[in-house]
Asker: 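Below are the structure tokens for one structure; questions will follow.
Any value given below was found using the heavy atoms of this structure, including those in side chains, with hydrogens, waters and symmetry copies removed. Every value quoted in this text rests on a predicted model; they were computed, and no experiment measured them.
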Amino acid sequence: MTELQYQILDELYFMVHYNDLANTLQMDDEVLIRELCILIQKQWVDYYKTVDGIKSPDIENWTHYLKQYYYLASKSGLLVHNSR
């Protein structure tokens, strides 16, 4: 896990919208989106269309919608984060 990934996971103990995450971390959109994609592919972060907790379905080109989602660290993401 990189330092950037650690910082992102650190903010995702509770569900956070992309805009709030970007604002808090003060990361460039390109960097944040790249790291979120990596974390999602590792199954360390889940993404949701709404805050109601229903996970967004796998859709084609989901990476185009990353700025619209809410994010939450998965159980495996929390375990990796806490074991560091």
Side-chain angles (χ1 to χ4, degrees):
M1 170 185 315
T2 67
E3 183 61 33
L4 288 176
Q5 292 169 356
Y6 182 85
Q7 289 173 10
I8 293 168
L9 283 171
D10 204 42
E11 297 298 324
L12 298 180
Y13 275 70
F14 299 98
M15 195 174 293
V16 178
H17 190 272
Y18 177 87
N19 293 335
D20 296 327
L21 184 62
N23 212 18
T24 299
L25 294 172
Q26 295 294 304
M27 274 185 206
D28 188 50
D29 276 339
E30 184 178 318
V31 172
L32 182 53
I33 288 172
R34 181 188 69 229
E35 295 301 322
L36 279 172
C37 286
I38 292 168
L39 291 169
I40 290 167
Q41 290 169 346
K42 289 183 175 185
Q43 298 181 345
W44 291 352
V45 169
D46 292 322
Y47 59 97
Y48 302 85
K49 187 167 182 135
T50 63
V51 77
D52 64 7
I54 298 172
K55 191 171 179 189
S56 292
D58 291 328
I59 57 173
E60 197 171 314
N61 298 321
W62 60 270
T63 57
H64 296 322
Y65 302 100
L66 288 176
K67 291 184 181 182
Q68 298 174 14
Y69 292 141
Y70 292 85
Y71 297 91
L72 181 65
S74 67
K75 183 177 179 180
S76 59
L78 293 174
L79 288 171
V80 170
H81 180 263
N82 288 329
S83 66
R84 183 169 175 209

Asker: Please say yes or no: joined through hydrophobic side-chain contacts below 4.5 Å, possibly via intermediate residues, are Leu36 and Leu4 part of one cluster?
Answerer: yes
Asker: Anything under 30° is parallel, anything over 60° is perpendicular, the rest tilted; go ahead and classify Tyr71 against Tyr47.
Answerer: tilted
Asker: Are the side chain of Ser83 and the backbone of Val80 linked by a donor-acceptor contact shorter than 3.5 Å?
Answerer: yes
Asker: Might you work through the side-chain contact (heavy atoms from CB on, under 4.5 Å) test for Asn23 and Asn19, ending with a clear yes or no?
Answerer: CA-CA 6 Å; Asn23 212 18; Asn19 293 335; over 6 Å; no
Asker: Check step by step if side chain to side chain donor-acceptor pair (under 3.5 Å) holds for Tyr18 and Asp29.
Answerer: CA-CA 10 Å; Tyr18 177 87; Asp29 276 339; 2.6 Å; yes
Asker: Can you tell me how far CD of Glu35 sits from CG of Asp28, rounded to the nearest 0.5 angstrom?
Answerer: 11.5 Å
Asker: Assess the residue pair Gln5 and Lys42 against the criterion (side-chain contact (heavy atoms from CB on, under 4.5 Å)); give the C-alpha distance rounded to whole Å, side-chain angles, the decisive distance to 0.1 Å, and a yes or no.
Answerer: CA-CA 11 Å; Gln5 292 169 356; Lys42 289 183 175 185; 3.8 Å; yes
Asker: Closest approach of Gln68 and His17, non-hydrogen atoms and distance?
Answerer: O-NE2, 3.5 Å
Asker: Do Val16 and Ile38 share a hydrophobic cluster, counting only Ile, Leu, Val, Met, Phe, Trp and Tyr and linking them when any side-chain heavy atoms are less than 4.5 Å apart?
Answerer: no
Asker: Does Leu66 form a side-chain contact (heavy atoms from CB on, under 4.5 Å) with Ile40? I'd like the steps, not just the answer.
Answerer: CA-CA 11 Å; Leu66 288 176; Ile40 290 167; 4.1 Å; yes
Asker: Does a sphere of radius 6.0 Å around CD in Glu3 hold more than 12 heavy atoms from other residues, nucleotides or ligands, not counting ones at 6.0 Å or beyond?
Answerer: yes
Asker: Using every non-hydrogen atom in the two residues, find where Leu12 and Ile8 come nearest and quote the distance to one decimal.
Answerer: CG-O, 3.3 Å
Asker: Might you work through the side-chain contact (heavy atoms from CB on, under 4.5 Å) test for Met27 and Leu21, ending with a clear yes or no?
Answerer: CA-CA 9 Å; Met27 274 185 206; Leu21 184 62; over 6 Å; no
Asker: Report the distance from atom CD of Glu30 to atom CG of Leu32, rounding to the nearest 0.5 Å.
Answerer: 11.0 Å
Asker: Answer with yes or no whether the hydrophobic clustering places Tyr6 together with Trp44; edges join I, L, V, M, F, W, Y residues whose side-chain heavy atoms lie under 4.5 Å apart.
Answerer: yes
Asker: If you look at every heavy atom in Leu9 and Gly77, which pair is closest and at what distance?
Answerer: CD1-O, 3.9 Å
Asker: Could you grab the distance from atom CG of Leu78 to atom CG of Leu72, nearest 0.5 Å is fine?
Answerer: 7.5 Å
Asker: CD of Glu11: more than 12 outside heavy atoms within 6.0 angstrom?
Answerer: yes
Asker: Check Tyr70 against Met15 and note the closest heavy-atom contact, atom names and distance.
Answerer: CB-CG, 3.5 Å
